[in-house]
> 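Have a look at this one.
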Amino acid sequence: TNIEQVAIGIANTCVIDSTHQLFCWGENASGEVGNNTTTDVLTPTKIMDAVADVSIGQIHACAATIDGHLHCWGANSFGNLGLGNGSVDDVLTPTQVGTWTDYEKVACGVVHTCARRSNGVACWGGNFAGQLGLSDTIDRDTPAILNLSAVDSLYSGGAHTGAVIDGDVFMMAQEWEPTDVATKTTAQTADTATVEATFKIGAETRTVTYSLKKLRDGWEIDDIASP
């Protein structure tokens, strides 16, 4: 069976194979492997079927299914699983996030999560640096809809989120709403591009370099480098 996608966390890994089965393994103290235990898992273990996309945060993970549902599991200390039940307890198995059925891609940060839907983007979890893009620093434990559409790709970092729309990089951090920050394309071919996005965190100016690749339906983040 071929491997279609790999997601790597700090100390755990998940893969999706060509039959859309999800396998995970590694450190599991908060249930981030998703196998209903908190014991470290030393070999790939099947977690779910019919998975289209997966992402791993620091100690949580989320997966979008072929039918458009989203499931999350692991640590939930900032509401980063999006379950909206007021609990911050760890969740040891994949648990459905709400009732929306149009999730396509998911991007887990350290303690927040963003996901692309068919008609936009939703984010939730820790928001101490404004990484949810909601113009405040209030944590959310349920998905909140952002003022973004036609998003090609999402990336969630430690305390920021990036979105690619038509080759432009939009950043959400430090109490920002999604804003087209200073960007420049440093190299581009028909299928790849390198974009530098410069933004401020407090008084500090920071540059993140995104490597993009062209897909049939738009641009996707292929690699990222930041100081």
Side-chain angles (χ1 to χ4, degrees), residues 4-5 7 14 16 20 22 34 47-57 60-74 76 78-85 91 94-127 130-136 138-157 159-173 176-181 197 210 212-222 224:
E4 299 290 334
Q5 183 184 354
C14 291
I16 302 172
H20 299 285
L22 176 69
I47 305 300
M48 293 177 63
D49 289 306
V51 175
D53 190 58
V54 65
S55 180
I56 300 176
H60 79 288
C62 295
T65 59
I66 293 173
D67 62 4
H69 290 97
L70 188 71
H71 294 74
C72 294
W73 61 95
N76 192 38
F78 289 83
N80 36 302
L81 302 187
L83 304 179
N85 56 12
V91 175
T95 301
Q96 186 171 309
V97 179
T99 59
W100 289 335
T101 59
D102 61 348
Y103 286 106
E104 298 174 342
K105 294 284 187 179
V106 60
C108 295
V110 171
V111 292
H112 78 288
T113 306
C114 289
R116 188 182 75 189
R117 301 174 59 208
S118 62
N119 62 351
V121 172
C123 294
W124 59 93
N127 196 30
Q131 60 263 48
L132 300 187
L134 299 170
S135 196
D136 60 41
I138 301 170
D139 298 343
R140 306 294 201 286
D141 66 356
T142 57
I145 298 173
L146 275 64
N147 184 28
L148 283 177
S149 60
V151 172
D152 295 319
S153 187
L154 280 175
Y155 169 82
S156 291
H160 72 280
T161 304
V164 179
I165 302 174
D166 261 346
D168 291 328
V169 178
F170 288 67
M171 300 298 299
M172 294 157 277
W176 286 2
E177 292 186 17
T179 303
D180 192 3
V181 297
Y210 288 86
L212 310 179
K213 60 181 178 181
K214 186 74 170 180
L215 302 181
R216 283 179 297 178
D217 58 350
W219 291 92
E220 179 179 88
I221 295 172
D222 189 38
I224 183 168

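For clarity, every value in this text was computed on a predicted model and none was experimentally measured. Position 1 is the first residue of the sequence; numbering continues from there.
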> When you measure from the side chain of Asn85 to the backbone of Leu83, do you find a donor-acceptor pair of N or O atoms at a distance under 3.5 Å?
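No, Asn85 side chain to Leu83 backbone: no donor-acceptor pair under 3.5 Å.
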> Restricting to non-hydrogen atoms, name the atom on Trp124 and the atom on Gly79 that form the minimum distance, rounded to 0.1 Å.
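Minimum heavy-atom separation between Trp124 and Gly79: CD1-O, 3.5 Å.
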> Between atom CH2 of Trp73 and atom SG of Cys62, what is the distance when rounded to the nearest 0.5 Å?
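Output value for this atom pair is 7.0 Å.
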> Using the test side chain to side chain contact (heavy atoms under 4.5 Å, CB included), find all partners of Thr65 that sit at least two apart in sequence or belong to another chain.
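Once residues adjacent in sequence are excluded, the partners of Thr65 under the side chain to side chain contact (heavy atoms under 4.5 Å, CB included) criterion are Met48, Asp67, His69, His71.
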> Could you pull out all residues at least two apart from Ser149 that satisfy side chain to side chain contact (heavy atoms under 4.5 Å, CB included)?
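Expected list: none.
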> Which residues satisfy the side chain to side chain contact (heavy atoms under 4.5 Å, CB included) test with Ser55, sequence neighbours excluded?
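With sequence neighbours excluded, Ser55 shows a side chain to side chain contact (heavy atoms under 4.5 Å, CB included) to Val106, Cys108, given in chain and number order.
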> Checking Leu81 against Thr95 for the side-chain contact (heavy atoms from CB on, under 4.5 Å) test, could you report, in this order, the C-alpha distance in whole Å, the side-chain angles of both residues, the deciding distance, and whether it holds?
CA-CA 9 Å; Leu81 302 187; Thr95 301; over 6 Å; no
> Of all residues at least two apart in sequence or in a different chain, which pass the side chain to side chain donor-acceptor pair (under 3.5 Å) check with Gln5?
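Only Asp53 meet the side chain to side chain donor-acceptor pair (under 3.5 Å) criterion with Gln5.
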> Would you say His20's side chain and Val51's backbone share a donor-acceptor pair under 3.5 angstrom?
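Yes, the answer is positive, given that a donor and an acceptor are paired below the 3.5 Å cut-off.
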> Side-chain contact, heavy-atom cut-off 4.5 Å: Val164 with Val151?
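With C-beta onward as the side chain, the pair stays apart.
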> What residues form a side chain to side chain donor-acceptor pair (under 3.5 Å) with Asp102, not counting sequence neighbours?
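Partners of Asp102 under the side chain to side chain donor-acceptor pair (under 3.5 Å) test: Arg117, Ser118.
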> Compare every heavy atom of Ile47 with every heavy atom of Pro94, then report the nearest pair and how far apart it is.
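Of all heavy-atom pairs spanning Pro94 and Ile47, the closest is CG-CG2, 3.5 Å.
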> Indicate the atoms forming the closest heavy-atom contact of Cys72 with Val97, along with that distance.
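Scanning both residues completely, I find the closest heavy atoms to be SG-CG2, 3.7 Å.
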> Checking the side chain of Thr142 only, and the main-chain atoms of Gly84 only, is there a donor and an acceptor separated by less than 3.5 Å?
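Such a contact is absent between Thr142 side chain and Gly84 backbone.
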> Please find the pair of heavy atoms, one from Leu22 and one from Cys14, that lie closest to each other, and give the distance.
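Distance-wise, the nearest heavy atoms are CD1-CB, 3.9 Å.
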> With sequence neighbours left out, write down each residue that passes side chain to side chain contact (heavy atoms under 4.5 Å, CB included) with Asn127, or none if nothing qualifies.
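Testing Asn127 for side chain to side chain contact (heavy atoms under 4.5 Å, CB included), a comparison that skips the adjacent residues, returns Gln131, Leu132, Asp136, Asp139, Arg140.
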> For Asn80, is there any backbone N or O sitting under 3.5 Å from a side-chain donor or acceptor partner on Thr113?
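Pair found, side chain donor or acceptor close to backbone of Asn80.
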> Sequence neighbours excluded, which residues qualify as salt bridge (Lys or Arg N to Asp or Glu O under 4.0 Å) partners of Glu4?
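None.
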> Among residues at least two apart in sequence or on other chains, which ones pass salt bridge (Lys or Arg N to Asp or Glu O under 4.0 Å) with Asp141?
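Partners of Asp141 by the salt bridge (Lys or Arg N to Asp or Glu O under 4.0 Å) criterion come out as none, since no residue qualifies.
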> For a side-chain contact (heavy atoms from CB on, under 4.5 Å) check, start with the C-alpha distance between Leu146 and Leu134, then their side-chain angles and the critical distance, and finish with the verdict.
CA-CA 7 Å; Leu146 275 64; Leu134 299 170; 4.0 Å; yes
> Would you check if Leu70 and Gln96 make a side-chain contact, meaning some heavy-atom pair closer than 4.5 Å?
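Answer no - side chains too far apart.
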> What heavy-atom pair brings Ser156 and Ala107 nearest, and what distance separates the two atoms?
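Closest approach of Ser156 to Ala107, heavy atoms only: OG-O, 2.9 Å.
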